[in-house]
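Because the structure is predicted, anything quoted here is derived from the model rather than measured.
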Amino acid sequence: MISYMMGSFMISDSKIPEHLNYILNLTKSYESYFKKNMESLDINIGEILILLEIYNNEGLNQIDLVKKFHVTEANISKTTKNLLIKGLIIKKIDADNNTKKLLFLTDKGQDACVKLLKIFRNWNDEVVGDIPMEELIAFSNTLSKLSENSLELI
């Protein structure tokens with residue numbers, strides 16, 4: 001077994017670094033919790049972040065979503081089409097550029113986002129528990145750096 005130091009962490013070539021396991025566990029927990037608690041909503045796990053981004057930034061377009069989530073245009077196109085069919089969003093032509101279509105929530109989409117945010121707050125409260133805010137801020141900063149570094153690879 002070959003090991004090497006990364007900062008103050010000992011990394012073994014024979015296993016996945018512990019921090020990656022922790023990130024995967026958080027992701028699995030998040031997805032499982034949402035699937036279990038959003039059964040009444042006609043939304044799949046892949047649509048949640050897209051819908052909530054439109055909720056937070058109504059009037060953005062599909063290219064904005066591609067840049068935000070680092071996914072393909074085809075992926076965003078399929079997801080927004082599904083959200084349109086489900087009656088959660090609408091597209092409007094940009095008054096300044098008639099080739100650009102802007103995304104907005106319907107009333108049904110607004111209601112779904114309110115429910116999704118409540119589910120997220122409940123999950124977050126359970127997961128965060130009594131972790132001090134300064135630790136959460138440091139963790140968030142570290143995740144941000146890891147994310148930036150990983151995006152440089154793609």
- Query: Given Glu47, which of Lys86, Lys81, Lys78 fulfils the salt bridge (charged side-chain N to carboxylate O under 4.0 Å, His left out) condition?
  - Reply: Lys86
Could you check whether any side-chain heavy atom of [X] comes within less than 4.5 Å of a side-chain heavy atom of [Y], counting everything from C-beta outward?
| X | Y | value |
| --- | --- | --- |
| Ile48 | Met38 | yes |
| Arg121 | Lys118 | yes |
| Leu51 | Ile43 | yes |
| Val66 | Asn75 | no |
| Ile23 | Leu143 | yes |
| Asn122 | Asn37 | no |
| Asn61 | Lys101 | no |

Starting from [Y], can I reach [X] by hopping between I/L/V/M/F/W/Y residues whose side chains sit under 4.5 Å apart?
| X | Y | result |
| --- | --- | --- |
| Ile63 | Ile50 | no |
| Val128 | Phe120 | no |
| Leu88 | Ile90 | no |
| Leu84 | Leu65 | yes |
| Val114 | Tyr33 | yes |

Roughly how far apart are [X] [atom1] and [Y] [atom2], rounded to 0.5 Å?
| X | Y | atom1 | atom2 | value |
| --- | --- | --- | --- | --- |
| Ile89 | Leu102 | CD1 | CG | 11.5 Å |
| Leu83 | Ile54 | CG | CD1 | 6.0 Å |
| Leu146 | Leu151 | CG | CG | 11.0 Å |
| His70 | Ser147 | NE2 | OG | 6.5 Å |
| Leu103 | Glu58 | CG | CD | 9.5 Å |
| Leu60 | Phe104 | CG | CZ | 8.5 Å |

Please check if the number of heavy atoms outside [X] that lie under 6.0 Å from its [atom1] is greater than 12.
| X | atom1 | value |
| --- | --- | --- |
| Asn149 | CG | yes |
| Lys91 | NZ | yes |
| Ile93 | CD1 | no |

- Item | Donor-acceptor contact below 3.5 Å, side chain Thr80 vs main chain Ile76 | yes
So, for [X] and [Y], which heavy atoms are closest and what is the spacing to 0.1 Å?
| X | Y | answer |
| --- | --- | --- |
| Gly87 | Thr106 | O-OG1, 2.5 Å |
| Gly46 | Thr79 | O-CG2, 4.2 Å |
| Phe69 | Leu49 | CZ-O, 3.6 Å |

- Message: If the condition is ring-ring contact (aromatic ring centres under 6.0 Å, His included), which residues does Tyr55 pass it with, not counting sequence neighbours?
- Response: none
- Query: Is the Tyr30 to Trp123 ring centre distance short of 6.0 Å?
  - Reply: yes
